[in-house]
Visitor: 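Please read through the structure below; I'll follow up with questions.
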There are 2 protein chains.
Amino acid sequence: MDILDRRIIDQLRHNARAAYGDIGSVVGLSASAVKRRVDRLVASGVIRGFTVTVDPSVEGLLTEAYVEIFCRGTVAPEELRRLLESVADVVDAGTVSGSADAVVHMRSSNIGALEDSLEEIRKATNVDHTRTSIVMSRLIYRE
Amino acid sequence: MDILDRRIIDQLRHNARAAYGDIGSVVGLSASAVKRRVDRLVASGVIRGFTVTVDPSVEGLLTEAYVEIFCRGTVAPEELRRLLESVADVVDAGTVSGSADAVVHMRSSNIGALEDSLEEIRKATNVDHTRTSIVMSRLIYRE
DNA sequence: GCTGAAACACTGATTAC
DNA sequence: GTAATCAGTGTTTCAGC
């Protein structure tokens with residue numbers, strides 16, 4: 001993982017379907033050298049995968065929320081992970097410092113689906129209560 | 001935008017570098033038909049782009065935070081968008097219901113960089129104060 | 001170890017249907 | 001929408017740094 005790998009990743013992030021030769025001409029390598037490095041980055045897990053970014057509104061997933069989870073007593077992160085993994089609408093989540101135990105970013109097709117997912121989280125043992133901020137308008141989208 | 005388009009997007013989301021023929025054999029179309037649909041989805045803005053997902057820890061972006069922004073008076077969403085767009089570490093953000101005006105998801109290389117970005121937000125006119133929850137351990141990562 | 005160059009198979013892009 | 005064509009790319013192999 002050197003500066004060339006980083007520059008290749010920068011190029012792929014910009015366009016994951018770019019030709020290896022084109023990437024090579026930018027970073028200063030031949031096409032085959034670029035391919036070898038990309039293969040290695042994928043094999044080593046640095047590159048998790050190649051995906052498309054889709055307009056969320058077109059996808060029908062326009063109801064988003066940030067949810068703070070407050071637990072009873074002490075809850076192991078692994079326990080929270082197991083709980084949130086089973087909820088499909090969870091986009092990302094992490095345990096946090098501060099008054100809440102975890103923050104969860106959710107994206108659902110509508111308010112009803114969001115409520116259902118929230119209920120799944122709330123009914124879990126150890127979850128005391130949640131504090132939900134419904135997203136009204138998306139400002140930045142760089143995921 | 002029919003069911004076939006959705007299935008093509010599902011395939012691309014799983015592997016954005018998949019050959020059109022492979023996608024076609026899954027969704028039941030020829031390679032050229034798949035290409036035409038993908039081109040149309042890109043041209044119409046449904047597909048925003050093709051990117052790679054990179055392990056954040058390898059990338060050196062392991063300091064994350066969820067930040068609530070509280071503004072003075074009423075602030076137009078567009079104004080907030082302009083402010084947050086200029087901060088590089090912002091991953092996603094949206095105006096929300098509840099006590100806060102907006103929630104921002106940030107990802108920095110270290111605590112110092114995170115603090116710098118926070119300062120950029122705080123010094124903006126109309127921003128009254130912020131409430132930051134530093135992510136301690138990432139639980140879910142589906143972006 | 002790493003690289004670049006060449007040969008080959010395959011895919012993407014285009015055209016006609 | 002499919003089928004066929006051709007240029008271009010991905011992939012592999014090779015020799016060299």
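Here is how names work: the chains are called A, B, and so on, in the same order as the sequence lines, proteins then strands, and each is numbered from 1.
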Visitor: Given atom CG of D39(A) and atom C1' of dT9(D), what is their separation to the nearest angstrom?
Guide: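 Atom CG in D39(A) sits about 14 Å away from atom C1' in dT9(D).
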Visitor: With the side chain of R17(A) defined as its heavy atoms from C-beta on, choose the nearest nucleotide among dG12(C), dT2(D), dG10(D).
Guide: dG12(C)
Visitor: Within the pair K35(B) and dG12(C), is there a side-chain N or O less than 4.0 Å away from OP1 or OP2?
Guide: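 No, because none of the side-chain N or O atoms of K35(B) sits under 4.0 Å from OP1 or OP2 of dG12(C).
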Visitor: Between G21(B) and S30(A), name the one whose nearest nucleotide on DNA chain C is closer to the 5' end.
Guide: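 Looking at DNA chain C, the more 5' nearest nucleotide goes with S30(A).
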Visitor: Decide if atom NE2 of H129(A) counts as having more than 12 heavy atoms of other residues, nucleotides or ligands within a radius under 6.0 Å.
Guide: yes
Visitor: Among dA13(C), dG4(C), dG1(D), find the nucleotide with the atom closest to the side chain of L29(B).
Guide: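 Among dA13(C), dG4(C), dG1(D), the one nearest the side chain of L29(B) is dG1(D).
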Visitor: Between dT2(D), dG12(C), dG10(D), spot the one nearest the side chain of A19(A), thanks.
Guide: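 Given the options dT2(D), dG12(C), dG10(D), the side chain of A19(A) is closest to dG10(D).
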Visitor: Any chance you could lay out the salt bridge (charged side-chain N to carboxylate O under 4.0 Å, His left out) test for E85(B) and R142(A), step after step, and finish with the verdict?
Guide: CA-CA 10 Å; E85(B) 208 166 42; R142(A) 290 183 188 147; 5.8 Å; no
Visitor: Return the value, rounded to whole Å, for the distance between atom CG of D22(B) and atom P of dT11(C).
Guide: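 It is 6 Å, rounded to the nearest whole Å.
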Visitor: Between R131(A) and E68(B), does any NZ, NE, NH1 or NH2 come within less than 4.0 Å of an OD or OE carboxylate oxygen?
Guide: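 Salt bridge present between E68(B) and R131(A).
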Visitor: For the pair D92(B) (side chain) and I140(A) (backbone), establish whether a donor and an acceptor sit closer than 3.5 Å, ignoring hydrogens and angles.
Guide: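 Answer holds: no.
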Visitor: Y20(A) OH to dT11(C) P: how many Å, rounded?
Guide: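 To the nearest whole Å, that distance equals 14 Å.
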Visitor: Between dT14(C), dG1(D), dG12(C), which one does the side chain of A33(B) approach most closely?
Guide: dG1(D)
Visitor: Starting at CG of N15(A) and ending at C1' of dT9(D), how long is that distance when rounded to a whole Å?
Guide: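 To the nearest whole Å, that distance equals 14 Å.
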Visitor: Does a side-chain N or O of R37(B) approach OP1 or OP2 of dG1(D) to a distance below 4.0 Å, or not?
Guide: yes
Visitor: Are any of R36(A)'s side-chain N or O atoms less than 4.0 Å away from OP1 or OP2 of dT12(D)?
Guide: no
